[in-house]
Amino acid sequence: MIFSKKLLALLALVPALAFANEGGFPLEKAPDRSHNMAALQNGAKLFVNYCLNCHNASSMRYNRLRDLGLSEDQIKNNLLFTGEKVGEMMTTAMPAKDAKAWFGTVPPDLSVIARAKATPSNTGSDYLYTYLRTFYKDDTRPTGFNNMVLPNAAMPHVLWELQGVQAAKFEEVADPHNHGKKVHKFVGFEPVTKGSMNKLEYDTAVADIVGYMEWMAEPAAQKRKQLGVWVLIFMTIFATLAWRLNASYWKEVK
């Protein structure tokens, strides 16, 4: 009995511990792109152009992009640049040892990154959407950039030409946990140089990339959800028929 009570108390604390360990920079809600084929196609194009140079997506084949409404010719002409075949996996030509030498670590595979970054309170898309929009100029870093979501990130700001360069603004405030001391509080970004896109255009482009990565993590998600609805409808009808049949059977028995 005592063991059971302790086990129940521990299980009750698990959600609280999960939330307590999150902390960090507040994440913004990523726009939903799950039903927008044009946005997902644009996200796939941006992903191939800007992410696939360093990262692998080794669980995804190019020809799976046909599920987004792209023809095989469109995939060949617009998304294949180094002689890959449509049926091949999305992999980078960069050797892992070179990536580690340049960045200090091998860039992670992005196949299921949108699911891997999910937490009890935020989706992985929220993480990626905020992450790709919070790079800021930092001359102390080897890449010249830092990130609010992932401080001291090894990844360079590969989208800087689109977004431009921004600086993070901080102000000194009293430390609520240590009386008499000051801490630096983030208060926003200020532009340093302009990019090829304005803020709305850049946020839209990032949302498209993140939407594609969410789709890539589970391409069959929409079909699975649709199938789930039909299964629930079938089970409801079956349960109703079984209930009425049972009532009719026992009525004759009584």
Side-chain angles (χ1 to χ4, degrees), residues 25 27-81 84 86 89-92 107-118 122-136 145 147-150 153 155-166 189 191 194-223 225:
F25 192 80
L27 303 182
E28 292 188 42
K29 185 67 177 175
D32 183 14
R33 294 291 196 262
S34 58
H35 299 286
N36 190 333
M37 288 295 109
L40 291 175
Q41 291 173 9
N42 185 51
K45 181 187 71 174
L46 292 169
F47 179 84
V48 170
N49 278 278
Y50 290 97
C51 303
L52 209 56
N53 295 320
C54 301
H55 295 273
N56 286 315
S58 57
S59 297
M60 175 60 58
R61 294 184 186 275
Y62 285 98
N63 59 9
R64 192 62 193 264
L65 296 177
R66 291 180 298 192
D67 292 353
L68 297 181
L70 296 174
S71 67
E72 190 164 309
D73 286 338
Q74 288 176 319
I75 297 172
K76 285 181 180 178
N77 297 331
N78 300 311
L79 300 177
L80 298 178
F81 306 114
E84 307 101 317
V86 176
M89 300 292 189
M90 286 185 164
T91 55
T92 178
D109 191 293
L110 299 181
S111 299
V112 294
I113 193 69
R115 296 177 66 181
K117 291 297 183 180
N122 295 101
T123 67
S125 296
D126 298 339
Y127 178 94
L128 296 170
Y129 180 67
T130 309
Y131 172 72
L132 291 174
R133 295 164 58 250
T134 56
F135 278 95
Y136 64 93
F145 290 94
N147 190 274
M148 295 302 301
V149 175
L150 184 62
M155 174 179 158
H157 185 16
V158 295
L159 301 176
W160 73 269
E161 290 181 318
L162 305 181
Q163 184 187 27
V165 178
Q166 61 185 2
F189 294 107
K194 290 183 178 181
S196 60
M197 296 181 175
N198 59 38
K199 186 179 186 305
L200 178 59
E201 291 170 337
Y202 180 74
D203 289 351
T204 300
V206 170
D208 291 349
I209 295 174
V210 171
Y212 168 74
M213 286 195 282
E214 183 177 13
W215 174 85
M216 180 174 62
E218 190 181 359
Q222 294 304 318
K223 290 184 179 179
K225 293 174 183 177

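This structure is a prediction, so every number in the text was calculated from the model and none was measured.
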State, to 0.1 Å, how close [X] and [Y] come at their nearest heavy-atom pair, and which atoms those are.
X: Met213; Y: Leu128; result: CE-CD1, 3.9 Å
X: Ala220; Y: Arg64; result: N-NH2, 4.1 Å
X: Ala30; Y: Val210; result: CB-CG1, 4.5 Å
X: Trp215; Y: Met60; result: CZ3-CE, 4.1 Å
X: Met148; Y: Phe25; result: O-CB, 3.5 Å
X: Glu201; Y: Ser196; result: OE1-O, 4.3 Å

Gln166 side chain vs Arg133 backbone, donor-acceptor pair below 3.5 Å: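 Confirmed, Gln166 side chain pairs with Arg133 backbone.
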Can you check whether Ser58's main-chain N or O pairs, donor with acceptor, with Asp109's side chain at less than 3.5 Å?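 Yes, Asp109 side chain to Ser58 backbone: donor-acceptor pair under 3.5 Å.
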With the side chain counted from C-beta on, respond yes when [X] and [Y] share a heavy-atom pair under 4.5 Å apart, and no when they do not.
X: Glu214; Y: Tyr129; answer: no
X: Met90; Y: Leu65; answer: yes
X: Leu159; Y: Met197; answer: no
X: Thr134; Y: Phe189; answer: yes
X: Lys199; Y: Pro191; answer: no
X: Tyr62; Y: Leu70; answer: no
X: Phe135; Y: Trp160; answer: no
X: Phe145; Y: Val158; answer: no

Point-to-point distance, once rounded to the nearest 0.5 Å, from CG of Asn56 to OG of Ser111: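 So the gap between those two atoms works out to 7.5 Å.
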Using 0.5 Å steps for rounding, measure from the CG atom of Asp126 to the NZ atom of Lys29.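 It comes to 4.5 Å.
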Tell me, with the steps shown, if Gln41 and Asp208 meet side-chain contact (heavy atoms from CB on, under 4.5 Å). CA-CA 8 Å; Gln41 291 173 9; Asp208 291 349; over 6 Å; no
Will you find, in the side chains of Asp73 and Ser71, an N or O donor that is under 3.5 Å from an N or O acceptor?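 Side-chain D/A pair, Asp73 to Ser71: absent.
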Identify all side-chain donor-acceptor contacts of residues 46-55 below 3.5 Å with residues at least two apart in sequence or on another chain.
unit_1 : atom_1 : unit_2 : atom_2 : d
Asn49  : ND2    : Lys45  : O      : 2.7
Asn53  : ND2    : Asn49  : O      : 2.8
His55  : ND1    : Pro108 : O      : 2.8

